[in-house]
Amino acid sequence: QVQLVESGGGLMQPGGSLRLSCTFSGRGFSGYAMGWFRQSTGKVRELVATSSWSGDSTYYADSVKGRFTTSRDNAKNTAYLQMNNLRPEDTAVYFCAADGPYSSHMYYTELDETQYDYWGQGTQVTVSS
């Protein structure tokens, strides 16, 4: 059984940085595409970033492009979301999700949240001065 646990959230001033981690428990992490989503109060959950299971392809929402970077360390069974130049509108609960194993070809980035098989519990990120 796969379990995902996010960490690294917290309170940060505008312009600051945070790195979220998503620790994967189970077998076959390297075969899972990993996605990051967020949900603000009163809003629907939205896709922030995702990477293919190979790590060779990534997708970013326009609102975070150039500021956020997703990566993975297969040796540590961990995915990361580096968030730079944070803005108040980035305030949300951030979730990681896993799709796989090997659900599609190695360059495919899954944008449909209903296709993700496993979800973490979320971590709060608050950007405020």
Side-chain angles (χ1 to χ4, degrees):
Q1 182 69 10
V2 171
Q3 291 186 324
L4 304 176
V5 178
E6 301 97 336
S7 60
L11 174 64
M12 179 55 63
Q13 293 184 340
S17 297
L18 284 173
R19 187 177 78 160
L20 305 184
S21 299
C22 175
T23 302
F24 178 105
S25 298
R27 299 179 64 181
F29 172 68
S30 61
Y32 283 81
M34 298 299 295
W36 290 93
F37 296 79
R38 68 185 181 187
Q39 187 167 22
S40 306
T41 302
K43 296 186 178 180
V44 299
R45 187 163 57 191
E46 62 175 349
L47 175 65
V48 175
T50 184
S51 67
S52 61
W53 60 259
S54 68
D56 289 337
S57 296
T58 54
Y59 167 88
Y60 297 94
D62 287 343
S63 57
V64 306
K65 201 172 295 183
R67 300 188 298 122
F68 290 13
T69 303
T70 184
S71 62
R72 64 192 297 154
D73 185 336
N74 288 342
K76 295 182 178 180
N77 279 10
T78 302
Y80 302 98
L81 184 68
Q82 177 67 43
M83 306 186 295
N84 297 330
N85 192 19
L86 284 163
R87 304 168 180 171
E89 54 264 38
D90 295 320
T91 295
V93 177
Y94 284 72
F95 301 88
C96 66
D99 170 36
Y102 304 108
S103 293
S104 189
H105 64 78
M106 64 186 294
Y107 299 114
Y108 184 76
T109 51
E110 182 58 72
L111 306 187
D112 182 356
E113 70 169 62
T114 67
Q115 298 301 306
Y116 284 84
D117 304 294
Y118 303 100
W119 291 80
Q121 82 290 347
T123 186
Q124 176 71 46
V125 172
T126 302
V127 184
S128 175
S129 55

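Just so it is clear, the structure is predicted and the values come from calculations on it, not from any experiment. Side chains are part of it too, since the values below use all heavy atoms of this structure and drop only hydrogens, waters and symmetry mates. Residue indices begin at 1 and follow the sequence shown.
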For the OG1 atom of T69 and the CZ atom of R19, what is their distance to the nearest 0.5 Å?
11.5 Å
Taken to the nearest 0.5 Å, the spacing of Y116 OH from L111 CG works out to 7.0 Å
Using every non-hydrogen atom in the two residues, find where S40 and T91 come nearest and quote the distance to one decimal.
OG-O, 3.0 Å
Between OG on residue S21 and CG on residue L4, distance to nearest 0.5 Å
12.5 Å
Check: S63 and R38 side chains under 4.5 Å, non-hydrogen atoms:
yes
Closest non-hydrogen atom pair, S128 against P14
C-CD, 3.6 Å
Take atom NZ of K65 as the centre, draw a 6.0 Å sphere, and report whether it contains more than 12 heavy atoms from other residues, nucleotides or ligands.
yes
Let me confirm one number: the OG1-OH distance from T70 to Y59, rounded to the nearest 0.5 Å.
13.5 Å
Heavy-atom nearest pair, A92 first then Q124, reads O-NE2, 3.5 Å
For the atom pair SG (C22) and CZ (F29), what is the distance rounded to the nearest 0.5 Å?
7.0 Å
L47 and W119: same hydrophobic cluster, using ILVMFWY side-chain contacts below 4.5 Å?
yes
Nearest heavy atoms of W36 and A79, plus distance in Å:
CZ2-O, 3.8 Å
List the steps and the verdict of side-chain contact (heavy atoms from CB on, under 4.5 Å) for D90 and M83.
CA-CA 9 Å; D90 295 320; M83 306 186 295; over 6 Å; no
Membership question, hydrophobic clusters at under 4.5 Å side-chain separation (ILVMFWY): are F37 and L81 in the same one?
no
Considering all heavy atoms of both residues, which atom of S57 and which atom of Y107 are nearest to each other, and what is their separation?
OG-O, 3.1 Å
Would you name the heavy atoms of T50 and M34 that are closest together and state the gap between them?
OG1-O, 3.1 Å
In terms of heavy-atom contacts, does CD of Q3 have more than 12 from other residues, nucleotides or ligands at under 6.0 Å?
no
Selection residues 64-102 - residue pairs positive for ring pair (Phe, Tyr, Trp, His ring centres under 6.0 Å), sequence neighbours left out
W53-Y102
Check the pair M12, S17 against side-chain contact (heavy atoms from CB on, under 4.5 Å), reporting the backbone distance first and the verdict last.
CA-CA 7 Å; M12 179 55 63; S17 297; over 6 Å; no
So which pairs with a foot in residues 102-129 pass salt bridge (Lys or Arg N to Asp or Glu O under 4.0 Å), sequence neighbours left out?
R45-E113
Among residues two or more places apart or on two chains, list those pairs meeting salt bridge (Lys or Arg N to Asp or Glu O under 4.0 Å) that have a residue in residues 71-87.
none
For S54 and S52, which I'm curious about, is there any donor-acceptor pair between the side chains at under 3.5 Å?
yes
In Å and rounded to the nearest 0.5 Å, what is the CG to OG1 distance from D56 to T109?
12.0 Å
Check step by step if side-chain contact (heavy atoms from CB on, under 4.5 Å) holds for L20 and E6.
CA-CA 7 Å; L20 305 184; E6 301 97 336; over 6 Å; no
